[in-house]
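See structure below.
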Amino acid sequence: SAVISQKPSRDICQRGTSLTIQCQVDSQVTMMFWYRQQPGQSLTLIATANQGSEATYESGFVIDKFPISRPNLTFSTLTVSNMSPEDSSIYLCSVGGPGLYYNEQFFGPGTRLTVL
Amino acid sequence: TQLLEQSPQFLSIQEGENLTVYCNSSSVFSSLQWYRQEPGEGPVLLVTVVTGGEVKKLKRLTFQFGDARKDSSLHITAAQPGDTGLYLCAGGGSQGNLIFGKGTKLSVKP
């Protein structure tokens, strides 16, 4: 399994501002994913970030609102732009594991975002 | 569109009781994973099942994949307070992604 860290672990932001969340992996991985989760609820996939190509966004999520960078095989960032209180959530990154054939994923600890 | 229906959504039991969580779909999945998540942490992979009819055991947890690979169950024997958490089933999508169920929030009281 991979060890994944996220920064910041939590933040409180004002509406209209932007926050960039970093995801660092201790090994090279092909696929990285960004999710949003309301506390106690399931995960919603925002986008898939593959190195060397543009991120693929799920329905309901757009690049202008959630720009993603993937400069190398161990790092990715997600920016939440022009934030509103509705963006308050937990944001998780994950990576496709060695058993990618089985779609296994390993998750970071998450970033808890509160927008006032 | 592949969907996973997970039930029950909430479960509150006493220590020592048994419980079963179900994950059902009308679609066939090549693999299915179960994750557990504790507050303030990311989901942690418990098991992956890939073969129809497969049964895997992890201490007091028993995971089963349906013969048709459309459903799965998680059975916990003699639940303990340390089992408390959010349990998520997830099926493998065609793009290397995961399709998650809505989760089961389990509370085991001493």
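In what follows, chains are A, B, ... by sequence order, proteins preceding strands, each numbered from 1.
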Taking every non-hydrogen atom, the tightest pair across A:Q41 and B:L86
O-CD2, 3.5 Å
Do you know which two heavy atoms are closest between A:F33 and B:N97, and how far apart they sit?
CE2-CA, 4.0 Å
Side chain, backbone, both or neither: which part of A:L43 has a non-hydrogen atom closer than 4.5 Å to chain B?
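Both backbone and side chain.
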Quick check on A:Q37 against chain B: is it the side chain, the backbone, both or neither that has a heavy atom closer than 4.5 Å?
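Just the side chain, heavy atoms under 4.5 Å.
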Tell me whether [X] at atom [atom1] has more than 12 heavy atoms from other residues, nucleotides or ligands lying less than 6.0 Å away.
| X | atom1 | result |
| --- | --- | --- |
| A:R10 | CZ | no |
| B:E41 | CD | yes |
| B:K56 | NZ | yes |
| A:I12 | CD1 | no |
| A:K65 | NZ | yes |

To the nearest 0.5 Å, how far apart are CZ in A:F107 and CG in B:L88?
8.0 Å
I'd like to know if [Y] and [X] are part of one continuous hydrophobic network [Ile/Leu/Val/Met/Phe/Trp/Tyr, side-chain heavy atoms within less than 4.5 Å].
| X | Y | result |
| --- | --- | --- |
| B:L4 | B:Y22 | no |
| A:I21 | A:L45 | no |
| A:L92 | A:V25 | yes |
| A:V29 | A:V3 | no |

What residue, out of B:G85, B:G91, B:A90, B:P43, has the most heavy-atom pairs lying under 4.5 Å from chain A?
B:P43
Report all side-chain donor-acceptor pairs from residues 64-74 of chain B shorter than 3.5 Å, counting only partners two or more places apart or in another chain.
{"unit_1": "B:R69", "atom_1": "NH1", "unit_2": "B:F29", "atom_2": "O", "d": "3.4"}
{"unit_1": "B:S72", "atom_1": "OG", "unit_2": "B:W34", "atom_2": "NE1", "d": "2.9"}
{"unit_1": "B:S72", "atom_1": "OG", "unit_2": "B:Q64", "atom_2": "O", "d": "2.7"}

Counting only non-hydrogen atoms closer than 4.5 Å, can you tell me which residues of residues 108-116 of chain A sit against chain B?
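The stretch touches chain B at A:G108, A:P109.
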Taking side chain as everything from C-beta outward and backbone as N, CA, C, O, which of these in B:Q6 sits under 4.5 Å from a heavy atom of chain A? Side chain, backbone, both or neither.
neither
Would you say A:S42's side chain and B:G101's backbone share a donor-acceptor pair under 3.5 angstrom?
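Checked: pair present.
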